[in-house]
Amino acid sequence: MASIPLIPFFIAVISIGISYTTIYLITSLGEIFSEKAGVLNLSLEGVMAMGAFLGYVFSFISGNPYFGLVGGLVAGLILGLLFAFISITIGVNQVLAGLSVWLVGMGLSDFIYTISFGRTSYLITVPKLPTVPVPYLSGIPIIGQMLFDHTLVDYAAYLSVPLLWYIMFRTNFGLKIISVGENPRAADSLGINVNRIRYIMVLFDSSMAGLSGSMISLTAGLYQVGMIAGRGWIAIGIAAFSGLNPAYGLLASLIFGVVSAFGPSLMIVGYRIPYEFLDMTPFIALLVVVMMISKRMLMPSALGKPYKREEK
Amino acid sequence: MKITKENLILNFIVYTTAFLLAIGFGAVLIWTIMRINPFSALSLIVSTALFTPFGRTATFYYLVELTLISLGLAISYRAKYWNIGGDGQLIFGAIFSMQTIFSLEHLFSPWLVIVATLLMGTLGGAIYGVIPAIIKVKLNVNEVLSTLMLNFIAIYFMTWLVDVTGPWKDPHAAELESYPIPYSLYLENPIILTLIMVFAIAIIYILAEKTFFGFKIKVIGSSHYAADYAGIDRGKVYIYLGLISGALAGLAGSIEILSVSHILSSTFDSLDMGYVAIFTSWLASLNPLFVILSSLLMSTLLSGGYFMEAITSVSVLFIYYFEGITFISIIIFEATKSKIKRVMKLG
């Protein structure tokens, strides 16, 4: 076996890892807020597929990748509304509701893509989301290239973590979210509109998933069937891993981002080992992590339970 | 759910409506994007799937596999044990079957090898299905996450087995394929497959409706508290359910190898049978006897969809979207059933 060229490998792992991390981070931040309010949203994989597709379409039509991001948000909002209606207003079991919306998102995006774009023998590419080097900082050798040469969404995602942490743990609104997740009846008696809070959180969650989905297609500049490849599910696992704390969410996303970047980075430096095992690593890692923490995990006590005012 | 005349009529109306709704949505989509007459597309699907010899064979095999997987899922979902790892369990059943064939094919007579293969496939699926149940019981891991992770792991593992560097890659094949199984091991006798299917339906029906175990499943499904209060060991039931649903999916994987594909390839299970089965089990309202009907419906759509894809390039992916819409209509109905009944009584 040839030895791995360490420095290029390290650079590749960090810079690819950061793009992976962004996708995990955006999605899992949404899920953290949604679960904190007591709604387990399992539709993220499908929402991300739809976001990736609409992002691709919007970018294709307008020629502007930033408009593609709007497409991702729109996809997330639509599917989020669907999920919220089924699970909150009607009160269907949240696991079932999540699975059904996942199927709709996955099927719809791949189906429309295949019948509208996929009938040519070549891939139709769209404008990619440009990277924006941070002035001065990106000039630092090695580190500059690794950390300060990413898209605007990447920077925004990392900067939003303290803000979201502050909202959740230091504001009145955050307290409302937590109380709705812990004891909706008590929250209701204090005049908090439980289902409105849950709606807002689900819409936030799904639109974040749509946004990260559109990041996947827009950084690649194309759409492929089955493009999300389980990243939505990993994000749900990361949310559980973080104990529903945005700060730990960042840490968990970083770990999984770097783990997921091993495969592509080894390929970039030209090191041949079966890529299937590398692609498998994040899933195995997640399984192991979830096995280690699940016993001690403290989840909101009303997680997964629809709230109906008239029922005791 | 008790089967009364009123229930049956109500269910029939709602399920048909859900179905037509989904077909309608799909038809609008096909027409707006592709300008293909959706009704001719639909009749093409049904006629090729049921009235051509090729289509009929494909439909039959899909029917057997879907029924087997959905049976296991149906009783799991009755206990609210959310096994969505049908795919991984099917793939592991197939991998175990291939290994059995490769090691036994020259040693015993073909029939013995076929029986051993079916048994080993069942075992493989059961092993892969019981892992999430065990870690749910012992470590409190959410089974939705664990079964999904195991699905992805199984798919990558299978791809490695038949990849260029993998141990089973057939060097003469252009695609990522394993060595084919010998012709003498093809299991294409429809009577045997039908018997297997009917046998499985009977067993699961009796298990779910006529035994104490089935009663425990129902109690757990209606309320955890009631189950704990009645002294039912939930963990044990989950583990049995993991074993049963995994075994049935593994058996389906074995049949896929012996009867349909005859090889393991990177496109094995490209239809995601495990996910389709989630839907068919709900379409059957988790009743083991109705599973065969919902599976027949989906297998018709799947095999006809493949032919349609070849002729009109309407993708077979349409199926997933269609599933989702029907699924949503059905679960909304299930959740609001009591209200609907109240309204019907008033009216």
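Below, read A as the first sequence line, B as the second, and so on, with proteins coming before strands; counting in each chain starts at 1.
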Looking at the rings of A:Trp102 and B:Tyr275, which for Trp means the six-membered one, are their centres under 6.0 Å apart? yes
Heavy-atom pairs under 4.5 Å with chain B are the metric here; pick the option from A:Ala97, A:Ser109, A:Ser100 that has the most. A:Ser100
Chain B shares the most heavy-atom pairs under 4.5 Å, among A:Asp279, A:Leu287, A:Val92, with A:Asp279
Choice from A:Val101, A:Ile90, A:Val95 maximising heavy atom contacts with chain B below 4.5 Å: A:Val95
Quick one: do B:Lys80 and A:Asn93 satisfy side-chain contact (heavy atoms from CB on, under 4.5 Å)? Show the steps, please. CA-CA 10 Å; B:Lys80 295 210 165 68; A:Asn93 181 312; 3.6 Å; yes
Atom pairs and distances, donor-acceptor, side-chain atoms in residues 225-237 of chain A, under 3.5 Å, two or more places apart:
residue  : atom : partner  : partner atom : Å
A:Arg231 : NE   : A:Ile228 : O            : 3.2
A:Arg231 : NH2  : A:Met227 : O            : 3.2

Between A:Phe283 and B:Phe152, what is the ring plane arrangement, given parallel below 30°, perpendicular above 60°, and tilted in between? parallel
Part of B:Trp160 within contact of chain A (heavy atom distance under 4.5 Å): both
Chain A contact via B:Lys138 - which portion, at a heavy-atom distance below 4.5 Å: backbone
For B:Val141, does its backbone N or O pair with a side-chain atom of A:Lys295 as donor and acceptor, under 3.5 Å? no
Report the C-alpha distance between B:Ile328 and A:Val104 in whole Å, list the side-chain angles of each, state the deciding distance to 0.1 Å, and finish with yes or no for side-chain contact (heavy atoms from CB on, under 4.5 Å). CA-CA 9 Å; B:Ile328 288 180; A:Val104 169; 3.8 Å; yes
Chain B neighbours within residues 81-89 of chain A, where any heavy atom lies under 4.5 Å away: A:Leu82, A:Phe85, A:Ile86
Contacting region of B:Ile153 [heavy-atom separation from chain A under 4.5 Å]: both
Chain A shares the most heavy-atom pairs under 4.5 Å, among B:Phe279, B:Trp82, B:Phe157, B:Phe327, with B:Trp82
Under 4.5 Å from a heavy atom of chain A, the part of B:Leu150 involved: side chain
Please state whether the side chain, the backbone, both or neither of B:Ile332 comes within less than 4.5 Å of a heavy atom of chain A. both
Does any backbone or side-chain atom of B:Ile84 lie under 4.5 Å from a heavy atom of chain A? Answer side chain, backbone, both or neither. side chain
